[in-house]
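The structure appears below as structure tokens.
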Amino acid sequence: MTQIAIAGAGIAGLTTALCLHEKGFIVRIFEAVAEMKPLGVGINVMPHASAVLHGLGLAGQLDAMAIRTRCIEYRTRFGHLIQSDPRSVEAGFEAPQYSVHRGELQLLLLETVRERLGVDAVVSGKPVSGFEQTDDEVTVLFADDSRFEADVLVGAEGLHSKVRAQIHPGEGPLCYEGTMMFRGSVETAIIGDGRTMVIAGNHDFKFVTYPISEPLRLQGRALTNWVAEIRHSMPRHIQDADWSRGATLDYITPFRDFRMRDMDIAAILEATETVTEFPMVDRDPLPFWTVGRVTLAGDAAHPMYPIGANGASQAIIDARMLADALAADAGPGGLKAYEERRLPVTTTVVLTNREGGPEQVLDIADARVRGSDDRIEDLISAEELEAVAANYRSVAGFRKTPT
């Protein structure tokens with residue numbers, strides 16, 4: 001029976017393991033971190049990706065821990081509603097969009113892997129340093145000089161993947177767009193309907209917020225996730241990008257002038273005890289992911305700007321399609337088939353995100369709206385806004401179900 005090794009027990013690696021197990025493969029995951037903890041803050045799982053998780057039998061757990069996102073509201077810094085982009089099943093999508101704590105989702109996947117594949121399926125404290133391979137097998141190499149023989153290796157260790165670095169040596173530095181992201185989470189009163197993501201501002205100063213805790217709703221409260229983005233002229237700690245880095249900048253000042261009808265942005269920022277910062281970085285799309293019996297998935301394959309809430313979602317789609325491809329051909333041919341299907345799609349997402357993705361509507365509005373008395377409908381047509389949203393849905397792959 002085919003033995004598959006996965007480097008990295010993040011969302012990409014764990015979902016890949018579950019999808020491969022469903023197809024009958026033997027899977028072993030090797031994670032660099034010695035102890036798995038619920039790190040990170042909020043992420044979104046798009047409808048096409050949550051459909052994969054539902055297919056793995058996780059719908060009940062997701063509904064218990066996450067928020068079913070009703071829509072995304074794009075707003076000007078004056079509080080105008082530019083566009084409301086629905087994301088619910090009721091709006092015609094095959095599955096819900098979820099707003100969820102990244103660490104809680106990762107732990108759910110980890111627990112499910114251990115239940116279904118066995119408690120020894122994930123080996124922690126075992127960083128992968130590289131690989132060797134022949135026509136018949138791949139040898140996974142570890143930092144402690146030990147080795148593991150497998151039929152296939154999937155590099156899913158994220159932005160600083162050692163597997164990617166071996167496939168593409170000398171790739172060069174990360175691509176830095178000039179934006180620093182500051183983020184945190186804080187318990188607040190429920191904002192609006194408690195199921196809406198709000199994205200406000202423009203390309204230079206942007207504020208994103210959404211709730212990520214379903215249980216607190218019973219108390220009229222929510223764990224509110226937020227991201228404040230600020231463009232800078234000078235790069236900051238790019239190569240050692242790490243979400244555990246505490247914020248070192250007065251990130252609140254630009255947002256004191258934002259005027260939202262249902263929240264005080266400055267008060268939310270000031271009430272947050274722990275704030276981290278991270279540069280908005282990605283990498284240029286690769287010409288190929290696969291060498292023989294080795295391939296890439298998730299951020300190791302296609303790190304992208306966190307625009308359009310697509311990073312984790314594209315990783316989950318990778319997992320499903322990789323498992324399907326290997327079920328048809330459990331060797332290099334299957335890996336190539338997976339790459340041929342996914343690489344062009346994710347390349348388009350990476351490049352579209354660099355242009356602002358669905359958030360292009362913020363800059364369209366910012367160029368035309370000059371004050372709180374302006375009317376969006378006098379300055380931007382509904383057709384222009386829907387064209388942006390529809391194009392991104394097509395790029396990212398989460399089209400509405402035909403009625």
Side-chain angles (χ1 to χ4, degrees), residues 42-47 67-88 90-93 97-99 177 179 181 183 191-212 224-231 254-255 257-265 268 280 304-311 313 349 352-396 398-400:
I43 61 169
N44 273 260
V45 180
M46 309 299 282
I67 297 289
R68 284 192 173 214
T69 307
R70 182 184 64 83
C71 72
I72 299 177
E73 286 190 359
Y74 298 96
R75 303 181 187 179
T76 70
R77 65 186 187 276
F78 306 108
H80 302 91
L81 176 61
I82 304 168
Q83 183 182 43
S84 180
D85 187 10
R87 293 297 174 87
S88 62
E90 291 78 8
F93 292 104
Q97 176 169 325
Y98 288 106
S99 296
E177 186 265 0
T179 294
M181 300 179 290
R183 75 183 306 168
I191 297 172
D193 65 0
R195 297 191 179 278
T196 295
M197 175 190 289
V198 175
I199 305 177
N202 56 38
H203 189 58
D204 293 327
F205 302 103
K206 182 170 66 180
F207 183 76
V208 181
T209 188
Y210 49 89
I212 56 173
T224 297
N225 179 83
W226 61 262
V227 183
E229 298 180 9
I230 303 175
R231 282 183 62 80
F255 300 97
D257 294 331
F258 278 45
R259 296 288 178 262
M260 301 294 123
R261 65 186 182 277
D262 50 3
M263 74 182 90
D264 183 334
I265 292 177
I268 291 172
M280 185 176 285
M304 60 186 64
Y305 294 162
I307 291 173
N310 237 301
S313 296
V349 175
T352 303
N353 280 7
R354 287 183 177 180
E355 299 300 320
E359 296 171 16
Q360 293 176 45
V361 298
L362 297 177
D363 289 330
I364 292 172
D366 189 68
R368 303 178 194 179
V369 177
R370 294 298 177 217
S372 56
D373 293 334
D374 287 345
R375 286 163 35 97
I376 291 291
E377 56 268 37
D378 294 337
L379 301 171
I380 311 172
S381 70
E383 291 76 15
E384 184 177 5
L385 296 174
E386 175 55 25
V388 173
N391 178 68
Y392 195 73
R393 288 195 294 267
S394 177
V395 165
F398 59 103
R399 301 171 183 83
K400 295 181 179 181

Check your understanding: Can you tell me if S99 uses its side chain to pair, donor with acceptor, with the backbone of N44 under 3.5 Å?
Key -> no
**Study point:** Residues which pass salt bridge (charged side-chain N to carboxylate O under 4.0 Å, His left out) with E384, listed by chain and number, not counting sequence neighbours
**Key:** R368
Point to revise | Student check: side-chain heavy atoms of P254 and I230 closer than 4.5 Å | key: yes
Point to revise | Min side-chain heavy-atom separation R195-T69 under 4.5 Å | key: no
Exercise for review: Please check if atom CG in D373 has more than 12 non-hydrogen atoms from other residues, nucleotides or ligands closer than 6.0 Å.
Suggested key: no
Exercise for review: For the residue pair Q83 and I72, establish whether any side-chain heavy-atom pair is separated by less than 4.5 Å.
Suggested key: no
Review point. Can you find a pair of side-chain heavy atoms, one from T76 and one from I82, that are under 4.5 Å apart?
Key: yes
Review point. Rounded to the nearest 0.5 Å, how far does CD1 of I268 lie from CZ of F207?
Key: 5.0 Å
Review point. Quick one: salt bridge (charged side-chain N to carboxylate O under 4.0 Å, His left out) partners of E90, sequence neighbours excluded?
Key: none
Check your understanding: With a 4.5 Å limit on heavy-atom distance, are the side chains of C71 and M197 in contact?
Key -> no
Revision key, fill the gap. Hits for side-chain contact (heavy atoms from CB on, under 4.5 Å) against A387, two or more places apart or cross-chain, chain-then-number order -> none
Review point. Passes side chain to side chain contact (heavy atoms under 4.5 Å, CB included), R259 versus I265? Steps please.
Key: CA-CA 8 Å; R259 296 288 178 262; I265 292 177; over 6 Å; no
**Study point:** Nearest heavy-atom neighbours spanning F255 and A228
**Key:** CE1-CB, 3.6 Å
Point to revise | Side chain to side chain, V369 and I376, heavy atoms closer than 4.5 Å | key: yes
Review point. What do the steps show when you test L385 against I380 for side chain to side chain contact (heavy atoms under 4.5 Å, CB included), and what is the final call?
Key: CA-CA 7 Å; L385 296 174; I380 311 172; 3.7 Å; yes
Review point. For D204, what residues pass the salt bridge (charged side-chain N to carboxylate O under 4.0 Å, His left out) criterion, not counting sequence neighbours?
Key: R231
Got a list of side-chain donor-acceptor pairs under 3.5 Å for residues 356-364, not counting sequence neighbours?
residue, atom, partner, partner atom, Å
E359, OE1, K206, NZ, 2.1
Q360, NE2, G357, O, 3.1
D363, OD1, H203, N, 3.0

Check your understanding: How would you list, by chain and number, every residue that makes a side chain to side chain donor-acceptor pair (under 3.5 Å) with Y98, sequence neighbours excluded?
Key -> H54, D63
Check your understanding: Taking only residues two or more places apart in sequence, or in another chain, which ones meet T196 in a side chain to side chain donor-acceptor pair (under 3.5 Å)?
Key -> R70, D193
Exercise for review: Working to the nearest 0.5 Å, report the span between CD of E229 and OH of Y305.
Suggested key: 11.0 Å
**Study point:** Gap separating the OG1 atom of T209 from the CD1 atom of I212, nearest 0.5 angstrom
**Key:** 9.5 Å
Check your understanding: Is there a donor-acceptor contact under 3.5 Å from the side chain of H80 to the main chain of S372?
Key -> yes
Exercise for review: Find the distance between CE (M280) and OG1 (T179) and round it off to the nearest 0.5 Å.
Suggested key: 5.0 Å
Exercise for review: Compare every heavy atom of F258 with every heavy atom of A200, then report the nearest pair and how far apart it is.
Suggested key: O-CE2, 3.7 Å
**Study point:** Residues in side chain to side chain donor-acceptor pair (under 3.5 Å) contact with Y392, at least two apart in sequence or another chain
**Key:** N310, N353
**Study point:** R261: salt bridge (charged side-chain N to carboxylate O under 4.0 Å, His left out) partners, not counting sequence neighbours
**Key:** E73
Point to revise | For T224, side chain to side chain donor-acceptor pair (under 3.5 Å) partners two or more places apart | key: T188
Check your understanding: To the nearest 0.5 Å, how far apart are OH in Y210 and CG in N225?
Key -> 4.0 Å
Check your understanding: Say you draw a straight line from CZ of R393 to CG of N391; how long is it, rounded to the nearest 0.5 Å?
Key -> 10.0 Å
Check your understanding: How about E386 and V388: do any of their side-chain heavy atoms sit closer than 4.5 Å?
Key -> no
Revision key, fill the gap. ring-ring contact (aromatic ring centres under 6.0 Å, His included) filter on F205, not counting sequence neighbours, yields none
Review point. In chain order, what residues pass the side-chain contact (heavy atoms from CB on, under 4.5 Å) check against D257, with sequence neighbours excluded?
Key: none
**Study point:** Close side-chain approach of Q97 and R68, heavy atoms under 4.5 Å
**Key:** no
